[in-house]
J.: 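Have a look at the structure that comes next, please.
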Amino acid sequence: MSSAQGAPAFLRLAAHPLRWRLLTELAAGDYRVRELVELVGQPQNLVSYHLRLLRAVG
């Protein structure tokens, strides 16, 4: 088993650049999806998708 496979699911998800950016922004404040879209400069559907993945692992 590689070390990446042994990492907890949350850490594997957080390693994605956009998800890491979202987590960083959320650590600084409580934002709505629309606000996160503006902060990260990505489409709403992409931001929502990545937020859903993060929520799924708690």
J.: Quick check on the hydrophobic clustering: are Trp20 and Val40 connected, directly or via other members, by side-chain heavy-atom contacts under 4.5 Å?
T.: no
J.: Hey, what do you get for CG (Leu23) to CZ (Phe10), rounding to the nearest 0.5 Å?
T.: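 It comes to 5.0 Å.
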J.: Which atoms form the tightest heavy-atom contact between Val57 and Ala9, and what is the distance?
T.: CG1-CB, 4.1 Å
J.: May I ask whether Val47 and Leu53 are part of the same hydrophobic cluster, defined by side-chain heavy atoms of I, L, V, M, F, W, Y residues being less than 4.5 angstrom apart, directly or through others?
T.: no
J.: Which heavy atom in Leu13 sits nearest to a heavy atom in Arg19, and how many Å separate them?
T.: O-NE, 2.7 Å
J.: Would you give the length of the straight line joining atom CG of Leu51 to atom CG of Leu36, rounded to the nearest 0.5 angstrom?
T.: 6.0 Å
J.: Measuring from atom CD of Gln44 to atom CZ of Arg34, what distance do you get when rounded to the nearest 0.5 angstrom?
T.: 10.0 Å
J.: Any ion pair linking Arg21 and Glu25 (charged N to carboxylate O, less than 4.0 Å)?
T.: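 Here Glu25 pairs with Arg21 in a salt bridge, since their nearest N and O are under 4.0 Å apart.
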J.: If hydrophobic clusters are built from ILVMFWY residues whose side chains come within less than 4.5 Å, do Leu18 and Tyr49 share one?
T.: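 In one cluster with Leu18: Tyr49, no.
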J.: Hey, which of Leu39, Leu46, Asn45 is the one that makes side-chain contact (heavy atoms from CB on, under 4.5 Å) with Gln42?
T.: Leu46
J.: Checking Glu38 side chain against Glu35 main chain: does a donor-acceptor pair fall under 3.5 Å?
T.: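 Looks like no, no N/O pair under 3.5 Å.
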